J.: 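The following block contains the structure, expressed as structure tokens.
Values below: all heavy atoms of this structure, side chains included; hydrogens, waters and symmetry mates excluded. As the structure lists them, so they are numbered: ligands from 1, and atoms in each ligand from 1. None of the values given here were measured: they were computed from a predicted structure.
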Amino acid sequence: MDLTEILHHLGEYDDPTFRTVSPPIYQSSNFDFKTVNDFRAAMANEEHLPIYTRGANPTVRLLEKKLAALQGTEAALCFGSGSAAVAAAVMNSVSGGEHVICVDYAYSWTKKLLGPFLGKYNVEVSFIDGRDPESLAKAWKQNTTLLYLESPTSITFECHDIAHFIAEAKKRGVTTILDNTYGSLLNHYPVELGVDMVVHSATKFISGHSDVVGGVVCASAKRISSIFMAEYMTLGATMSPNDAWLLIRSLRTFEIRMRQAEIQAKTISDYLENHPGVKVVHDPFLESHPDHKLALEQFSVRIPMFSFELNTDKKEVVEVFCNSLKYIRLAVSWGGYESLLLPATVFPHDLYPLSLMRLYIGLEHSDLLISDFENAFKNSGLLS
Ligand SMILES: *Cc1c(COP(=O)(O)O)cnc(C)c1O
């Protein structure tokens, strides 16, 4: 289906009363029935018919229809956060006594879920170096049932050979989940390779306005039904109808936001790579990056985010640089209209080089962002 048809038309015009242009928000926790017969029919199909909003809500269902079509899967299920979506997909795939393999540098809370959290339920996890196929080859166990992937990875922007990983898992009948939040819904590559489930934090590109926290699992109708009847209904990490409506609103501009971000990202990445105050830019879309070939193979749209290191090993210089920025804000998360910088020095650990920082490029004009950086380089003495 055509992208614009999904974003602007799919699933709409279903309102029984008026032909609303913007779909209605069914802000109702409960739905009633005219007859016992209707009630009984709905109870037998709780996944698809509105009974109670922890189950099927029409506004959330409309969003799910669009997200499944965008990701190229049969079905989708929305959650109150990306982490809830990750947890539901993972918990649906493993039981106590089984073993999970996960790439290193996956999203931090995903690693906590797979490690200490599921450890309590006797699930074992091995973290592997996603850049090294040998690392996967050595990690398989008799009881491995899930391979969890994320490419590129948080903060470091390594790209992994997910085609190889998925093929290896398929040979062994092991379920695969890919966190495709960075790759965006426009990236169908993992679905074409046969990944079993794709998860996204809807908080990021899908929202695009920094006003909603949400998540989605995209998969076959069979897997989505299985998650609905188990993790979704029992754990109850539901997305509110109002948030679903905001995300439908966000999807109207999804394509143009992604296209604009792509142009901006190239300009800023090139600017930083050629700047004397910068030691290195970790952007797989730069030719100089070791994973450039993989990035071109895996992503149809450039990811407007990367990290870079300043040409200094002094903490004070890093701080003056960051504190000098006026438009680029210091914050976690990404995907909104505003550019954001996350300096590694704020982390309570020292896994990353001292001057490393992640940059998300928003919708502000690149001239404004570059003037902001110029000022910060000048203030921190990194120009000479
Ligand atoms: C933000 C994020 C998550 C978690 O999503 P929330 O909506 O914050 O719960 C998971 N994976 C990736 C890659 C993320 O960036």
J.: Heavy-atom contact check, 4.0 Å cutoff: does Val86 meet ligand 1?
T.: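 Checking ligand 1 against Val86, which is what was asked, there is no heavy-atom contact under 4.0 Å.
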J.: Run down the list Phe205, Tyr107, Tyr182 and name the one with the heavy atom closest to atom 8 (O) of ligand 1.
T.: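 Ranked by closest heavy atom to atom 8 (O) of ligand 1, first place is Tyr107.
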J.: What is the nearest protein non-hydrogen atom to atom 14 (C) of ligand 1, stated with its residue, atom name and distance?
T.: Lys204 NZ, 2.9 Å
J.: If you take all heavy atoms of Phe306 and Ala265, which pair is closest and at what distance?
T.: CE2-O, 4.2 Å
J.: Write out the residue and atom name of the closest protein heavy atom to atom 11 (N) of ligand 1, then the distance separating them to 0.1 Å.
T.: Asp179 OD2, 2.6 Å
J.: Quick check: does Glu150 get an N/O under 3.5 Å from an N/O on ligand 1?
T.: no
J.: Compute both the distance and the angle, then confirm whether Lys111 meets the cation-pi test with Tyr107: under 6.0 Å from the six-membered ring centre, within 45 degrees of the axis.
T.: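 Lys111 over Tyr107 ring: no.
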J.: Can you find a pair of side-chain heavy atoms, one from Leu356 and one from His282, that are under 4.5 Å apart?
T.: yes
J.: Which atoms of ligand 1 are found less than 4.0 Å from any heavy atom of Gly214?
T.: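 Those qualifying, in numeric order: 7 (O).
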J.: Could you tell me if Lys266 sits above the aromatic ring of Phe285, with its cationic atom closer than 6.0 Å to the ring centre and no more than 45 degrees from the axis?
T.: no
J.: Test Leu63 against every option in Ser250, Cys78, Pro23, Pro241 by the side chain to side chain contact (heavy atoms under 4.5 Å, CB included) rule and name the one that passes.
T.: Cys78
J.: Looking only at distance, does Ala84 have an N or O less than 3.5 Å from an N or O of ligand 1?
T.: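 It does not: no N or O of Ala84 is found under 3.5 Å from an N or O of ligand 1.
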J.: Please verify the inter-ring angle class for Tyr360 with Trp334; under 30° counts as parallel, over 60° as perpendicular, anything in between as tilted.
T.: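 Geometry flag for Trp334 against Tyr360: tilted rings.
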J.: Under a 4.0 angstrom heavy-atom cut-off, which atoms of ligand 1 come close to Trp334?
T.: 15 (O)
J.: Ser81 heavy atoms, cut-off 4.0 Å: which ligand 1 atoms fall inside?
T.: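 Answer for ligand 1: 7 (O), 9 (O).
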J.: Give the residue, atom name and distance (to 0.1 Å) of the protein heavy atom nearest atom 7 (O) of ligand 1.
T.: Thr203 OG1, 2.7 Å
J.: Would Glu74 and Arg223 satisfy salt bridge (charged side-chain N to carboxylate O under 4.0 Å, His left out), going step by step from the backbone distance to the final call?
T.: CA-CA 10 Å; Glu74 276 174 5; Arg223 279 190 195 273; over 6 Å; no
J.: Name the one of Lys138, Lys141, His99 that satisfies side-chain hydrogen bond (donor to acceptor under 3.5 Å, both in side chains) with Ser126?
T.: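 Option passing the side-chain hydrogen bond (donor to acceptor under 3.5 Å, both in side chains) with Ser126: His99.
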J.: Tell me the contacting part of Trp109 for ligand 1: side chain, backbone, both, or neither, using a 4.0 Å heavy-atom threshold, strictly below.
T.: neither
J.: Can Ala85 be said to touch ligand 1, with heavy atoms closer than 4.0 Å?
T.: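 Not so, Ala85 does not reach ligand 1.
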J.: Which of parallel (below 30°), tilted (30 to 60°) and perpendicular (above 60°) describes Phe347 and His349?
T.: parallel
J.: Looking only at protein heavy atoms, identify the closest one to atom 6 (P) of ligand 1 and say how far it is in Å.
T.: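 I find the closest protein heavy atom is Gly82 N, 3.4 Å.
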J.: What protein heavy atom is closest to atom 9 (O) of ligand 1, reported as residue, atom name and distance in Å?
T.: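 The answer is Ser83 N, 2.8 Å.
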